[in-house]
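Below: one structure, written as structure tokens.
Heads up: numbering here begins at 1 and tracks the sequence.
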Amino acid sequence: MSTFNRSKSINQRTLGVGTPRTASFGSPRVKLTSVSHWFRWLVVIGALFPFSIAIAGGYFYLLPSLTQAFQGFGTSKVNDSMEECNLFDGNWVFDESYPLYNASECPFAEQGFNCLGNGRRDEDYLRWRWKPKRCDIPRFNVHGILERLRNKRVVFVGDSMSRTQWESLICLLMTGVEDKNSVYEVNNHNITKRIRFLSVRFNSFNFTVEFFRSVFLVQHVWMPRHVPRRVRSTLKLDKMDDISNQWVNSDILIFNTGHWWVPEKLFETGCYFQVANTVRLGMSIPVAFRIALDTWASWVEKMIDTNRTHVFFRTYEPSHWSEQSHRLCNMSDIPISEAGGKDRSVFSDTILEAVKNLTVPTTVLHITSMSALRSDAHVGKWNSNPSIPDCSHWCLPGVPDMWNEILLSYLLSQS
């Protein structure tokens, strides 16, 4: 306030206004002073007039830009806060309130992922919670989530890692349902890796949580014609999976792919890449993966109703096989402090690039680095076939629960 008064006083002295002076108009000397006074006024006004015109013109010229700038400021602040609160930059902290459910009491948890039920003795792997460095993930509120999902359709699309996350979400949600019989698989299917479609209905809340097995997202075709003998099947990189029309009209749509994009699942089984009618025998996996994701992105742009569907894409989750052999798991007793290079993946980088160019709002669940630290949480030898260790899939409860907590935190923040 004092600064404003000082400025006002200076302006008053400069312009010759303020407290009026007493003058005798009968004196010739006073008349001269009066003329001089008015002359100074004219000089000041003449100097200020062009300046005022310039200010006014500039105001009207810049007004729209200023308005946009201040409107954008609010958006920037939101984005800045999201960047400051990177949910995927953090650490695993021990938390006695975990796990959030018992896999043996959840009929939709696959027996092969129930490590505790399969004989694992230590339980510490169940009690780790992900803690971002600059913020907190809201504590899991099952009743709030169930209400948020009322009358909705949740769809997971991808490989067995996606199915694990699907199972995890169902088990988490069932902890808030009193009548467990009101939750059922709509086709009475058992949970197995062979089935391409599974749908669990929460009848009391009128919503479904569905899983579509599409390990590549694009079409896989057997025995194409007029190809070399070594080609037993092809991936049509420019065609979406033939079940993709069933993914539309969902409210929450979560994609993942990556673990099948390896030589053992492709070239060693006689599967090669195809674009249009041409089989590309020499095409590398990273190049093919990028083409497939461009096809996915085009499908999203064309098929997704942004007024209804929120699209997510979960990045690649690393395995922890022994470096010397893919027959042993390189597992630890607790989360490791250094990812050892597993926090980066060409698949995750490609996913980020593909999503960046989308006009349809899509949220990337960038779980690669956080999962890379959990070498303690894989199925290992505690699966349905102990003679074949599993260093790729995760125990339930476990790491996929945290993926879902992050997913649900996004949904709650929107509501």
Check for a donor-acceptor pair, side chain of Asp251 on one end and backbone N or O of Arg153 on the other, with a separation under 3.5 Å.
yes

With a sphere of 6.0 Å drawn around CG of Asp333, does it hold more than 12 non-hydrogen atoms of other residues, nucleotides or ligands?
no

Flag if over 12 foreign heavy atoms under 6.0 Å of CG, Asn277:
no

Would you please say whether a donor-acceptor pair under 3.5 Å links the side chains of Ser182 and Asn203?
no

Quick check for you: to the nearest 0.5 Å, what is the distance between Ile351 atom CD1 and Asn256 atom CG?
7.5 Å

Tell me whether Asp376 is salt-bridged to Arg374, with the criterion being a basic N under 4.0 Å from an acidic carboxylate O.
yes

For the residue pair Arg129 and Trp92, would you count it as a cation-pi contact if the rule is NZ or CZ under 6.0 angstrom from the ring centre and within 45 degrees of the ring axis?
no

Pair Ser348, His366: side-chain N/O donor-acceptor within cut-off below 3.5 Å
no

Hey, is NZ on Lys239 packed in by over 12 heavy atoms from elsewhere, all under 6.0 Å?
no

Determine the interplanar angle of the Phe207 and Phe205 rings, folded into 0 to 90°, and report it as parallel if under 30°, tilted if 30 to 60°, perpendicular if over 60°.
tilted

In terms of side-chain geometry, is the basic nitrogen of Asp241 or Arg213 positioned less than 4.0 Å from the acidic oxygen of its partner?
no

Quick one about Trp321 and Ser392 (side-chain donor to acceptor, distance below 3.5 Å, no hydrogens or angles considered), yes or no?
yes

Do the side chains of Asp95 and Arg139 get close enough for a salt bridge, i.e. N-O under 4.0 angstrom?
yes

Return yes if some donor-acceptor pair links the side-chain N/O of Thr362 with the main-chain N/O of Leu358 below 3.5 Å, else return no.
no

Specify the closest pair of heavy atoms between Leu126 and Leu116, including all atoms of both residues, with the distance to one decimal.
CD1-CD2, 4.0 Å

How about Tyr272 and Phe267: are their ring centres within less than 6.0 Å of each other?
yes

Write down the atom of Thr257, the atom of Val215, and the distance for their closest heavy-atom approach.
OG1-O, 2.6 Å

Check Val399 against Ser371 and note the closest heavy-atom contact, atom names and distance.
CG1-OG, 3.9 Å

One should read off an interatomic distance between Trp382 CH2 and Arg121 CZ, to the nearest 0.5 angstrom, of 10.5 Å

Would you kindly say whether Asp343 and Thr368 are connected by a side-chain donor-acceptor distance under 3.5 Å?
no

Does a sphere of radius 6.0 Å around CZ in Arg150 hold more than 12 heavy atoms from other residues, nucleotides or ligands, not counting ones at 6.0 Å or beyond?
yes

Might you point out which heavy atoms bring Phe88 and Leu365 nearest each other, and give the distance in Å?
CZ-CA, 3.7 Å

Just checking, is any N or O donor in the side chain of Asn385 or Ser387 under 3.5 Å from an acceptor N or O on the other one?
yes

Taking only Lys NZ, Arg NE, NH1 and NH2, and the carboxylate oxygens of Asp or Glu, determine whether Arg290 and Asp294 approach each other closer than 4.0 Å.
yes

With a 6.0 Å cut-off on the ring centroids, do Phe94 and Trp128 count as close?
yes

Could you tell me which non-hydrogen atom of Arg120 sits nearest to which non-hydrogen atom of His378, and how far apart they are?
NH1-O, 3.7 Å

Test your reading of the model: is there a side-chain donor-acceptor pair from Asp401 to the backbone of Gly398, 3.5 Å cut-off?
yes

Can a cation-pi geometry be assigned to Arg232 and Trp222, taking NZ or CZ under 6.0 Å from the six-membered ring centre and within 45° of the ring axis?
no

Would you say Glu185's side chain and His189's backbone share a donor-acceptor pair under 3.5 angstrom?
yes

Strictly below 4.0 Å, N to O, side chains only: are Asp89 and Lys133 in salt-bridge contact?
yes

Determine whether the side chains of Arg314 and Gln165 contain a donor N or O and an acceptor N or O closer than 3.5 Å.
yes

Using distance alone, with no hydrogens and no angle criterion, decide if His220 and Ser233 have a side-chain donor and acceptor under 3.5 Å apart.
yes

Taking the ring centre of each residue, are Trp261 and Phe216 less than 6.0 Å apart?
yes

For a quick check under 3.5 Å, do Ser168 and Asn404 share a side-chain donor-acceptor pair by atom type?
yes

I need the Glu405 CD to Trp130 CH2 distance, nearest 0.5 Å.
13.0 Å

Between Phe156 and Phe211, does the ring centre distance come in under 6.0 Å?
no

Can any side-chain N or O of Lys131 pair as donor or acceptor with the backbone N or O of Cys135 at less than 3.5 Å?
yes

In sequence, state the C-alpha distance, the side-chain angles, and the governing distance for Trp166 and Phe108, and then conclude on ring-ring contact (aromatic ring centres under 6.0 Å, His included).
CA-CA 9 Å; Trp166 172 80; Phe108 302 101; 7.1 Å; no

Heavy atoms only: give me the nearest Glu301-Asn357 pair and the separation to one decimal.
OE2-O, 4.3 Å

Please round to the nearest 0.5 Å and tell me the distance separating atom CD1 of Ile388 and atom CG of Asp390.
9.5 Å

Please step through ring-ring contact (aromatic ring centres under 6.0 Å, His included) for the pair Phe289 and Tyr316, ending with a clear verdict.
CA-CA 12 Å; Phe289 188 78; Tyr316 184 80; 8.7 Å; no

